[in-house]
Amino acid sequence: EALRSPRFGTNDYFFIYDFDGRAVMVAGSQKLEGQILLGKTDAAGYKMWDAIVAIGKAGAGFVDYVFPRAGQTEPKPKRGYVIGIPEWQWIVGTGVYVDDIDETVKRSAIRYAMISLVILCAVGAIAYLTSRSILRSLSSLQTTIARIEGDLDFTVHVPIIANDEIARVSEALNRLQEKLRSSFTAVTLSTQKLSSAATNLASSSDEVATSSAEQSDSASAMAASLEQ
């Protein structure tokens with residue numbers, strides 16, 4: 001009687017047969033109790049009670065058959081598990097209906113599919129954001145290089161958008177631009193100094209030439225006076 005009331009799953013229950021095939025307790029079909037069922041078959045023609053007794057006497061195991069749900073009359077495929085208790089000459093068992101198993105598997109499959117879909121969407125979103133960040137960094141790098149190449153503009157800096165290898169390249173390019181700009185500034189200053197020196201030299205040369213011309217004119221005048 002202790003096994004008559006417990007239920008699990010979708011109203012699944014326990015049953016007890018003895019080694020002679022007599023139904024001692026069948027919680028889901030009490031009308032069978034007291035009957036010897038050896039040789040009888042289920043709705044599919046399978047001698048399920050013979051199988052239950054054989055498995056129970058051998059120890060324990062699974063058995064597949066068809067049997068109505070508790071309180072119903074339509075047979076449904078069922079998988080049972082029975083275990084023999086030699087001391088009492090009893091076989092205690094229970095079972096679950098195959099369609100319940102299928103439904104459980106289906107629900108699990110749907111749940112796992114949804115979880116997989118969520119994970120896939122998350123991975124896709126991360127991949128999209130990562131790729132967009134990379135493309136933005138590459139675009140900025142490409143634009144800066146084009147300006148340097150086309151306009152020789154070394155004042156432009158590459159924006160540092162992310163913290164990745166492209167950012168390291170951009171930082172290196174910015175440092176290179178700083179060094180080139182410093183070098184060009186130094187060259188420009190040196191050129192300006194050379195130009196100023198050249199201008200001063202040209203001015204000095206003109207003064208020397210003018211003075212020489214004046215001295216030559218004076219000498220010519222003196223020579224003319226002496227001849228007179």
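A 4.5 Å side-chain heavy-atom check between Phe14 and Pro6 finds at least one atom pair inside the cut-off. In this structure, the side chains of Phe67 and Ser29 come closer than 4.5 Å at one or more pairs of heavy atoms.
Applying the salt bridge (charged side-chain N to carboxylate O under 4.0 Å, His left out) criterion to Glu87, with sequence neighbours excluded, gives no partner residue. For Asp50, there are no side chain to side chain donor-acceptor pair (under 3.5 Å) partners, not counting sequence neighbours.
Summarising the geometry of Ile55 relative to Gly61, their closest heavy-atom pair is CG2-N, 3.4 Å, with the distance given to 0.1 Å. Pairing each heavy atom of Gln72 with each of Pro68, the nearest pair is O-CB, 3.3 Å.
The backbone N or O of Lys31 lies less than 3.5 Å from a partner atom in the side chain of Gln35, making a donor-acceptor pair. Looking at Thr41, its side chain never comes within 3.5 Å of a backbone N or O of Lys47 through a donor-acceptor pair. Between the side chain of Asp42 and the main chain of Val66, a donor-acceptor pair closer than 3.5 Å is present. For the pair Asp18 (side chain) and Asp20 (backbone), a donor-acceptor distance under 3.5 Å is present.
Leu117 and Ile126 fall into different hydrophobic clusters, where Ile, Leu, Val, Met, Phe, Trp and Tyr side chains are chained together by heavy-atom contacts under 4.5 Å. Residues Tyr65 and Val26 share a hydrophobic cluster, clusters being chains of Ile/Leu/Val/Met/Phe/Trp/Tyr side chains in contact below 4.5 Å. By the criterion of side-chain heavy atoms lying less than 4.5 angstrom apart, applied directly or through intervening Ile, Leu, Val, Met, Phe, Trp or Tyr residues, Phe19 is not grouped with Ile85; the two fall into different hydrophobic clusters. In terms of hydrophobic clustering, with Ile, Leu, Val, Met, Phe, Trp and Tyr side chains grouped at heavy-atom distances under 4.5 Å, Tyr97 and Ile52 are assigned to a common cluster. Placement of Val92 and Tyr13 in two distinct hydrophobic clusters is found when ILVMFWY residues are connected by side-chain heavy-atom separations under 4.5 Å, directly or transitively.
For the pair Lys78 and Tyr46, the NZ or CZ position fails the cation-pi test of under 6.0 Å to the six-membered ring centre and within 45 degrees of the ring normal.
Taking OG from Ser116 and CZ from Arg111, the interatomic distance works out to 11.5 Å, rounded to the nearest 0.5 Å.
Counting only residues at least two apart or in different chains, salt bridge (charged side-chain N to carboxylate O under 4.0 Å, His left out) contacts with residues 52-72 comprise Asp64-Arg79, Arg69-Asp99, Arg69-Asp100.
Screening Val24, Val82, Ile91, Leu32 for a side-chain contact (heavy atoms from CB on, under 4.5 Å) with Phe15, the sole residue that qualifies is Val82.
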For the pair Val96 and Tyr81, evaluate side chain to side chain contact (heavy atoms under 4.5 Å, CB included) and give the outcome as yes or no after the intermediate values.
CA-CA 9 Å; Val96 293; Tyr81 184 81; over 6 Å; no

Step by step, work out the side chain to side chain contact (heavy atoms under 4.5 Å, CB included) result for Arg4 and Glu33.
CA-CA 12 Å; Arg4 186 180 296 278; Glu33 294 177 4; 2.6 Å; yes

For Trp49 and Tyr17: C-alpha separation, side-chain torsions, deciding distance, then whether side chain to side chain donor-acceptor pair (under 3.5 Å) applies.
CA-CA 9 Å; Trp49 289 281; Tyr17 297 95; 2.9 Å; yes

